[in-house]
Amino acid sequence: MSPQLNINEKDEKLYLPEIAKVTKVKSFTDQEKFFEVELASGRSLNHDPGQFVQVSVLGIGEAPISISSPPEKGSRFEMCIRAVGPLTRKLHTLGVGDNIFIRGPFGHGFDKDILDKLSGKHLLFIAGGIGYVPLRSLINMVLEEKEIYEKISILYGCKTPQERMFPSELDEINSIGGNVELLEIVDRPDNNWKGYSGVITNLIPRVSINPENCIAVIVGPPIMYKFVIMDLLDLKMPKKSIYISLERRMKCGIGKCGHCQMEGIYVCQEGPVFNYSYVANNKEIF
Amino acid sequence: MNKTINRPFFQITKDGMLAAIDKMLQDYSVAALTEKNKNVVFDFVKSSAEISNVYKPTILSPKKFFFPQEEVILEYTAEGKVTAIIESKPMVLFGIRPCDINAKKVMDEAFAESNGDANYLSKIENSVIIGIDCKQVCDEDSFCYRVNSQEVTTGCDILLYDLGEKYIFEYKNEKGREFAIKYFGSQGSDHGAYDKFLKEKESNFGKTEGPFKDLEYLPGVFEHTKDHPIWEEEAKRCLSCGSCIMVCPTCYCFDVADELALNLKEGQRLRRWDACMLSDFANVATGESFRKEVSNRIRHRMNRKFNFLMRKHHQPACVGCGRCVRACLADISPKEIVEIITGEKERE
């Protein structure tokens with residue numbers, strides 16, 4: 001055996017999910033629903049922001065879903081799920097009291113090492129569409145102790161005003177003031193939209209950024225983070241000050257099935273949260 | 001390899017081996033090389049008489065015994081009772097060849113690292129692996145000699161050397177020692193018989209091209225050839241059928257799927273072989289594909305063999321068994337790809 005490999009004992013529960021009960025459901029858009037669930041065992045998920053769980057409905061299947069709540073919510077946690085396939089469409093039919101099954105949390109999120117590096121910094125969150133969902137775990141966590149950061153800027157872009165996630169929470173964030181700012185933009189505004197219109201990169205020049213003290217955290221579709229990263233690098237932000245969280249279709253969550261592999265990296269093990277400097281040369285990032 | 005000091009060798013006649021196999025069959029399921037529709041396959045046998053004497057490369061590798069094409073990992077009921085299913089039975093795998101032994105080493109590590117996969121590992125634990133060394137290259141598609149996988153260090157419990165009228169053997173670990181004493185006896189063999197085998201083997205393999213140029217540096221070579229024209233060129237021929245992956249002894253990617261019984265009261269979660277050469281392998285729910293182009297997929301697969309997994313396992317994850325070469329409808333060969341990438345050969 002190679003000395004570098006971490007060979008563990010066999011784990012008979014690797015693929016065995018645990019039961020969880022839906023405790024809250026709320027529709028956000030035509031496609032997205034918010035779920036709060038509670039593990040039946042009463043254990044706390046004990047996750048880091050940015051981690052994911054494998055959610056299943058028996059008889060339908062299993063899929064990776066981001067955890068949207070900040071850590072330490074006891075045995076309850078939150079997800080926001082877009083109905084795109086058989087599993088997620090089935091999840092959309094569930095109500096309070098129904099059972100789902102959970103494995104995890106999995107992956108490498110914003111762990112203590114990363115969180116320690118954030119204090120005193122200007123945090124620049126940039127979310128596209130449903131990308132706000134995984135980012136919300138960290139956003140809500142840092143808003144709890146906003147005074148330890150120099151500034152918190154949240155840039156959020158959606159295709160239409162109807163696609164905004166957590167709209168009432170966004171309104172709350174907008175009213176915090178002080179060192180917290182929220183800038184929103186939509187691609188296709190309606191008559192009621194009073195904010196900016198266009199693509200998310202239009203918002204970047206509206207934030208005052210000192211590249212030496214700013215940490216950017218980006219979550220969105222590839223076409224979005226590609227251009228956001230280009231703009232941040234143009235502003236002389238160092239690659240190591242940029243974090244991204246990537247979406248891949250994990251089938252196992254434990255570094256075996258190969259579906260999430262991005263060149264040599266298993267996103268389910270080393271990600272989904274990456275320091276950009278680590279993946280900047282990866283050809284399969286976009 | 002020719003350090004025979006402190007390596008005890010034993011011997012058993014061919015007839016003795018057949019009797020030993022019949023004895024094993026009382027205690028184990030025995031899988032070995034056997035004829036099926038004019039081909040040879042690794043399959044379970046009921047008697048030593050069913051075992052083929054002449055080795056020809058099989059279509060599927062013995063990985064199927066530890067990582068079946070389809071395997072139940074969970075069973076559940078409509079009431080929500082879920083049970084992990086981990087199946088294994090006492091099994092002897094008789095007569096696997098150096099390429100497949102080296103492939104098994106990669107698989108063992110892949111399933112054991114970080115999260116020990118009980119479905120795979122319990123089958124390995126419950127098995128005795130008896131290898132047979134190769135004295136020569138088995139056919140023109142094999143290229144074990146280019147990745148040194150004709151050499152066996154570990155990966156099996158007992159290794160046999162075919163000396164015509166008899167086998168000599170050595171055990172590779174305690175499990176192999178106990179098994180060999182019980183079924184093969186412990187009649188010693190002088191090192192001369194092994195040395196004679198080895199000399200012939202070295203002479204035969206000496207006539208081949210030998211290892212790839214820069215074999216140990218292939219991960220670095222592949223890392224720096226991601227824009228090489230070969231990926232586009234091979235993509236023009238590749239049919240993205242995934243055959244290469246189905247027959248590969250070191251491919252272990254899988255899909256996970258649920259199946260409900262017809263009564264809708266119970267169901268199973270299965271894992272099945274999957275293939276990174278298939279166009280939807282790296283798709284995500286929203287339809288994005290992270291390896292849309294065939295060229296990206298060929299590059300990925302070859303990098304898994306000679307870069308990503310080679311870094312991890314310190315041996316190429318291609319063992320040169322030649323199965324993908326025989327299975328490919330478009331005549332794509334990893335051997336040729338490596339030779340072009342390293343500059344050893346020009347494209348014909």
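Quick note on labels: first sequence line is chain A, next is B, and so on, each numbered from 1. Just so you know, these numbers come straight off a predicted model, no measurement behind them. Basis for what follows: all heavy atoms, side chains included, without hydrogens, waters or symmetry-related copies.
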Looking at side-chain heavy atoms only, is the closest gap between A:Lys283 and B:Asn296 below 4.5 Å?
no
Who among A:Gly255, A:Pro222, A:Gly85 has the most heavy-atom pairs with chain B under 4.5 Å?
A:Pro222
Below 4.5 Å, heavy atoms only, C-beta onward: do A:Gln261 and B:Phe308 meet side chain to side chain?
yes
Expected contact set for residues 71-81 of chain B against chain A at heavy-atom separation under 4.5 Å reads B:Ile73, B:Leu74, B:Tyr76, B:Thr77, B:Gly80
Part of A:Ile60 lying under 4.5 Å from any heavy atom of chain B:
backbone
With a 4.5 angstrom heavy-atom cut-off, which part of B:Ser122 approaches chain A: side chain, backbone, both or neither?
both
Could you look at B:Ala285 and say if it's the side chain, the backbone, both or neither that has a heavy atom under 4.5 Å from chain A?
both
Over all atoms of both residues, closest heavy-atom pair of A:Lys251 and B:Asp255:
NZ-OD1, 2.5 Å
Go through B:Asp117 and A:Tyr15 one step at a time and tell me if the side-chain hydrogen bond (donor to acceptor under 3.5 Å, both in side chains) criterion holds.
CA-CA 9 Å; B:Asp117 184 290; A:Tyr15 303 108; 2.5 Å; yes
Least distance between heavy atoms, A:Glu263 atom then B:His300 atom
O-CE1, 3.7 Å
A:Arg82-B:Thr286 side chain donor-acceptor pair, cut-off 3.5 Å
no
Cation-pi check for B:Phe290 against A:Arg248: NZ or CZ below 6.0 Å from the six-membered ring centre and within 45 degrees of the axis, yes or no?
yes
Top contributor to chain A contacts, counting heavy-atom pairs under 4.5 Å, from B:Gly267, B:Ala84, B:Ala261, B:Gly116
B:Gly116
Part of B:Asn119 within contact of chain A (heavy atom distance under 4.5 Å)
side chain
In terms of heavy-atom contacts, A:Pro17 and B:Val82 come closest through CD-CG1, 4.1 Å
Side chain, backbone, both or neither: which part of A:Asn99 has a heavy atom under 4.5 Å from chain B?
neither
Those residues that, when tested against B:Glu233, pass salt bridge (charged side-chain N to carboxylate O under 4.0 Å, His left out) (two or more places apart)
B:Arg347
At what distance, to the nearest 0.5 angstrom, does CD of A:Glu284 lie from NZ of B:Lys226?
8.0 Å
Nearest heavy-atom pair of A:Cys257 and B:Phe281: which atoms, and what distance?
O-CZ, 3.9 Å
Part of B:Glu125 lying under 4.5 Å from any heavy atom of chain A
side chain
Under a 3.5 Å distance rule, please check whether A:His259 uses its side chain to pair with a backbone N or O of B:Ala282 as donor and acceptor.
no
Apply side chain to side chain contact (heavy atoms under 4.5 Å, CB included) to the pair A:Lys10 and B:Ile86, showing each step before the final yes or no.
CA-CA 11 Å; A:Lys10 61 179 196 285; B:Ile86 293 150; 5.8 Å; no
Has the side chain of B:Asn115 got a donor or acceptor atom that lies under 3.5 Å from a matching backbone atom of A:Ile254?
yes
Under 4.5 Å heavy-atom distance to chain A, tell me which part of B:Arg299 shows up: side chain, backbone, both or neither.
side chain
Supply the atom-to-atom distance A:Gln269 CD to B:Glu113 CD, rounded to the nearest 0.5 angstrom.
8.0 Å
